[in-house]
Amino acid sequence: RGDWDNYFRSFAASAKSYNAPVILIPFSEMNGDWFSVSGTKNGNSAAKHNAAYRHVREFFRTATNVQFGWAPNNGSVPDVAGNQIADYYPGDAYVDIVGVDGFNFGGTQWETFSQVFDKALLQLSTYKKPVYLFSFASQADTRKAAWIRDAISVQIPKHTEIKGWIWFNEQKERNWLVWSDQTALDAFKAAIK
């Protein structure tokens with residue numbers, strides 16, 4: 001509706017004056033159900049998401065140092081028609097980088113890197129944009145070190161479309177910290193050499 005337009009103008013001017021590369025990712029994980037801007041919350045929809053994303057993007061057109069990223073969750077929650085990754089793509093003219101957020105939640109939900117990401121990466125590859133893992137991690141577990149080795153040393157190199165990644169290094173709903181135990185940290189250090 002334009003309620004935040006003054007904020008967007010100010011933010012865009014600040015980003016432009018920063019004069020260094022910036023990647024903005026508005027409304028990430030929109031196909032989940034845990035944020036107020038999620039597509040299935042508060043009367044939202046994929047169409048409203050796309051319109052809002054495009055609206056925000058326009059304020060940054062003269063900020064040539066700012067690239068716009070788009071980051072759905074690896075899986076849709078709820079997994080229903082109208083809430084799929086493809087439903088939320090704002091369009092090539094508005095998105096510079098596509099990416100995905102995904103996590104191995106561990107326990108009885110233990111998933112390999114491939115189980116977490118392959119389906120989403122296949123969808124993202126259709127957009128012909130640089131691909132990033134904007135946020136990924138594995139929960140603390142005796143299998144975490146092996147998960148890290150496989151993810152960074154085997155799986156990511158196999159996906160040549162992946163241009164970069166960010167480890168979600170926080171202790172939040174799970175212990176995602178790369179140093180959750182020494183073997184995990186050692187595996188991470190070895191993998192990034």
Side-chain angles (χ1 to χ4, degrees), residues 11-12 15-16 18-32 35 37 46 49-50 52-54 56-76 84-105 111-139 144-170 172 176-179 184-185 187-193:
F11 193 113
K16 183 176 181 178
Y18 179 63
N19 205 25
V22 174
I23 298 173
L24 291 180
I25 307 168
F27 316 117
S28 65
E29 299 180 14
M30 74 300 291
N31 60 322
F35 295 130
V37 296
H49 165 271
N50 295 342
Y53 188 104
R54 292 172 187 147
V56 172
R57 178 68 171 102
E58 289 305 319
F59 291 95
F60 292 81
R61 288 290 180 196
T62 63
T64 56
N65 60 314
V66 177
Q67 291 188 303
F68 264 63
W70 176 72
N73 191 59
N74 68 304
S76 295
Q84 300 303 304
I85 289 174
D87 298 323
Y88 292 95
Y89 187 63
D92 289 344
Y94 300 92
V95 177
D96 302 305
I97 300 167
V98 296
V100 61
D101 296 346
F103 299 88
N104 171 29
F105 279 86
E111 293 181 296
T112 66
F113 179 93
S114 293
Q115 289 170 317
V116 174
F117 288 109
D118 281 359
K119 184 179 176 185
L121 288 172
L122 183 62
Q123 177 63 46
L124 294 181
S125 70
T126 66
Y127 301 118
K128 308 296 186 216
K129 301 277 185 179
V131 175
Y132 280 70
L133 303 179
F134 281 126
S135 189
F136 86 111
S138 177
Q139 125 129 9
K144 183 172 183 172
W147 196 95
I148 289 171
R149 277 191 296 276
D150 179 61
I152 298 173
S153 300
V154 178
Q155 300 303 322
I156 291 174
K158 278 193 335 191
H159 288 278
T160 57
E161 72 275 18
I162 297 174
K163 303 304 179 198
W165 52 268
I166 300 166
W167 185 272
F168 185 78
N169 201 44
E170 291 194 32
K172 199 176 164 200
W176 308 113
L177 295 170
V178 74
W179 54 78
L185 180 59
F188 188 85
K189 286 179 176 179
I192 63 171
K193 284 186 179 182

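In this chain, residues are counted from 1 in sequence order. What you are looking at is a predicted structure, and each value in this text was computed from that prediction instead of being measured.
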Do side-chain atoms of N74 reach the backbone of V116 as a donor and acceptor pair under 3.5 angstrom? yes

Could you label the plane-to-plane angle of the W176 and F168 rings as parallel, tilted or perpendicular, counting under 30° as parallel and over 60° as perpendicular? perpendicular

Y132 and W165: CA distance, side-chain angles, deciding distance, ring-ring contact (aromatic ring centres under 6.0 Å, His included) verdict: CA-CA 5 Å; Y132 280 70; W165 52 268; over 10 Å; no

Relative to each other, are the rings of Y88 and H49 parallel, tilted or perpendicular (30° and 60° limits)? perpendicular

Do S138 and N104 get their side chains close enough for a donor-acceptor pair, meaning under 3.5 Å? yes

Between the main-chain N or O of N73 and the side-chain N or O of N31, is there a donor-acceptor pair closer than 3.5 Å? yes

Between F188 and W147, ring centroids under 6.0 Å: no

Any chance you could lay out the side-chain contact (heavy atoms from CB on, under 4.5 Å) test for F27 and F35, step after step, and finish with the verdict? CA-CA 9 Å; F27 316 117; F35 295 130; over 6 Å; no

Examine distances only and state if a side-chain atom of N169 and a backbone atom of W179 form a donor-acceptor pair shorter than 3.5 Å. no

Do the side chain of N65 and the main chain of A20 share a donor and acceptor less than 3.5 angstrom apart? yes

Given 3.5 Å as the limit, does a donor-acceptor pair link the side chain of K163 with the main chain of T160, or not? yes

Should the pair D118-K158 be classified as a salt bridge under the 4.0 Å nitrogen-to-oxygen rule? no

